[in-house]
Amino acid sequence: MTLGLVASACGGGDRPSSRADTTGAAGASESAGGAALTGAGATFPNPIYTKWFDAYAKQTGVRINYQSIGSGGGIRQFTEGTVDFGATDGPMNDEQIKAVNGNVLHVPTVLGAVVVTYNLPEVSGAPLRFDGATLADVFLGRITKWNDTRLAALNPGAKLPAKDIIVVHRSDGSGTSFIFTDYLAKVSPTWKEKVGSATSVQWPIGLGGKGNEGVTQQVKQSDGAIGYVELIYAISNDLPYGDVKNAAGEFIRPSLKSVSAAAAERLPEDTDFRVSITNAKPADAYPISSFTWLLVQPQPRDPAKGEELRKFIGWMLQPEAQRMAADLHYAPLPVPVIELVQQRLAAK
């Protein structure tokens with residue numbers, strides 16, 4: 001069976017959690033013929049997936065059980081065939097696609113921001129400012145004190161303490177890491193040469209945390225820490241996050257508007273959606289923005305489950321579902337992207 005898309009698809013605890021298990025109301029499984037789907041992967045979109053899967057279960061009775069284990073784990077489980085769909089913020093590379101004999105579609109779901117978050121009680125008021133080269137040197141271990149002259153120059157009004165910087169990064173294979181390192185590789189030749197960009201890299205220094213949840217907690221508990229997480233994790237845990245200098249030289253606050261601006265450039269008709277929008281050119285674009293994707297099989301192993309997944313994707317692309325994203329600080333997909341996804345799925 002082919003994973004097509006019907007235009008008239010069926011048709012709102014928002015805090016991050018490590019697992020989404022949407023069981024629906026009593027008797028719901030019978031109404032959907034006992035249908036249930038399993039997925040695993042990215043923690044970056046877990047809050048919106050949790051909300052979507054719960055809303056979809058209430059509307060349709062279809063249960064979608066999602067394990068927020070990181071993009072690397074999602075790609076692995078999708079490849080091994082132990083889940084009905086995967087989820088990732090770092091698209092599969094050509095070798096990984098070959099491992100599944102090309103039987104994969106990257107379906108964009110929403111746009112999000114990776115933010116630079118920190119634990120620095122001495123600094124209050126306006127958020128700190130960062131640029132790419134300075135961030136790269138912090139995560140390379142070249143800048144080790146908060147009152148370093150380069151950080152001070154970016155933040156002339158802030159009273160930065162003479163305190164050690166504690167770097168926190170992901171310990172697991174992570175699409176959030178892919179987005180962050182993809183950005184650093186674009187703005188720092190040294191980072192590109194010494195570390196590169198991937199879902200898992202050899203971090204020069206720092207403490208590891210599992211998932212966006214783990215990094216959030218490490219930063220929250222470590223005085224002087226700096227890390228990177230999806231925006232909702234910083235907001236939900238009352239952690240400050242910085243403005244970042246973009247390709248146009250502007251310091252940009254992560255927001256729905258600035259993330260959407262990063263995706264303003266129209267994708268080519270033949271895109272496979274594995275596109276990077278970090279360090280985008282628009283003057284109002286937040287530079288550490290990205291799509292996040294579901295990994296689905298055009299030729300599903302289980303036709304019945306493939307049909308249920310097709311229906312969910314159709315529902316997810318509708319305005320009602322996309323509007324839910326804004327409540328959790330994700331940017332909805334641009335309409336041209338939705339149209340391209342619908343065309344691509346319908347053609348499969």
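This is a predicted model, so every value here is computed, not measured.
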With a 4.5 Å cut-off on side-chain heavy-atom distances among I, L, V, M, F, W and Y, is there a chain of contacts connecting [X] to [Y]?
| X | Y | answer |
| --- | --- | --- |
| L256 | I232 | no |
| V123 | V244 | yes |
| L333 | Y286 | yes |
| I277 | I338 | yes |
| L151 | I226 | yes |

ask   = In terms of heavy-atom contacts, does CD of E122 have more than 12 from other residues, nucleotides or ligands at under 6.0 Å?
value =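 More than 12 heavy atoms, drawn from other residues, nucleotides or ligands, come within 6.0 Å of this atom.
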inquiry  = Heavy-atom count check: over 12 atoms from other residues, nucleotides or ligands less than 6.0 Å from K192 NZ?
reply    =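 No, NZ of K192 has 12 or fewer neighbouring heavy atoms, counting only those of other groups under 6.0 Å.
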Check for a donor-acceptor pair, side chain of [X] on one end and backbone N or O of [Y] on the other, with a separation under 3.5 Å.
| X | Y | answer |
| --- | --- | --- |
| T292 | T88 | yes |
| N155 | R129 | yes |
| T134 | D131 | no |
| R274 | M92 | yes |
| S71 | D89 | yes |
| N119 | K220 | yes |
| S258 | R253 | yes |
| D172 | S174 | no |
| Q318 | G314 | yes |

task = Before giving the answer on side-chain contact (heavy atoms from CB on, under 4.5 Å), spell out for F53 and Y66 the whole-Å C-alpha distance, their side-chain angles and the decisive distance to 0.1 Å.
result = CA-CA 9 Å; F53 297 157; Y66 181 75; 3.5 Å; yes
Answer yes when [X] and [Y] have at least one side-chain N-carboxylate O distance shorter than 4.0 Å, and no when they do not.
| X | Y | answer |
| --- | --- | --- |
| D182 | K186 | yes |
| D148 | R142 | no |
| D223 | K163 | yes |

Working to the nearest 0.5 angstrom, can you tell me the gap between [X] [atom1] and [Y] [atom2]?
| X | Y | atom1 | atom2 | result |
| --- | --- | --- | --- | --- |
| D84 | Q77 | CG | CD | 11.0 Å |
| L154 | F251 | CG | CZ | 5.0 Å |
| Q297 | N103 | CD | CG | 5.0 Å |
| H329 | S236 | NE2 | OG | 7.0 Å |
| Y241 | L128 | OH | CG | 13.0 Å |

ask   = Per the side-chain contact (heavy atoms from CB on, under 4.5 Å) rule, which among D284, I252, V187 passes with N246?
value =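 Exactly one option meets the side-chain contact (heavy atoms from CB on, under 4.5 Å) with N246, and it is I252.
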ask   = Is any side-chain heavy atom of Y118 less than 4.5 Å from a side-chain heavy atom of P127?
value =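 In contact.
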task = Could you check if a side-chain atom of T43 sits within less than 4.5 angstrom of a side-chain atom of E230, using non-hydrogen atoms only?
result =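 With C-beta onward as the side chain, the pair stays apart.
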In terms of the angle between their ring planes, are [X] and [Y] parallel, tilted or perpendicular, with boundaries placed at 30° and 60°?
| X | Y | answer |
| --- | --- | --- |
| Y49 | W52 | parallel |
| F44 | Y330 | perpendicular |
| W203 | F139 | tilted |
| F180 | Y228 | parallel |

key: Test log, rule salt bridge (Lys or Arg N to Asp or Glu O under 4.0 Å), inputs K98 and D94   = CA-CA 6 Å; K98 186 177 180 181; D94 291 345; over 6 Å; no
Donor-acceptor side-chain pairing of T176 and N212 below 3.5 angstrom =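 Yes, because at least one side-chain N or O of T176 sits under 3.5 Å from a partner of the opposite role on N212.
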message = Between W315 and Q59, does the side-chain hydrogen bond (donor to acceptor under 3.5 Å, both in side chains) criterion hold? Intermediate values first, please.
response = CA-CA 10 Å; W315 176 89; Q59 290 185 28; 3.1 Å; yes
Minimum heavy-atom distance M316-V107, with the two atoms named =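 Taking every non-hydrogen atom into account, CE-CG1, 4.2 Å.
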ask   = Quick one: are the ring centres of F312 and Y56 less than 6.0 Å apart?
value =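 Close enough - the centres of the two rings lie under 6.0 Å apart.
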inquiry  = Evaluate S276 against T278 for side-chain hydrogen bond (donor to acceptor under 3.5 Å, both in side chains), listing each step before the verdict.
reply    = CA-CA 6 Å; S276 169; T278 57; 3.2 Å; yes
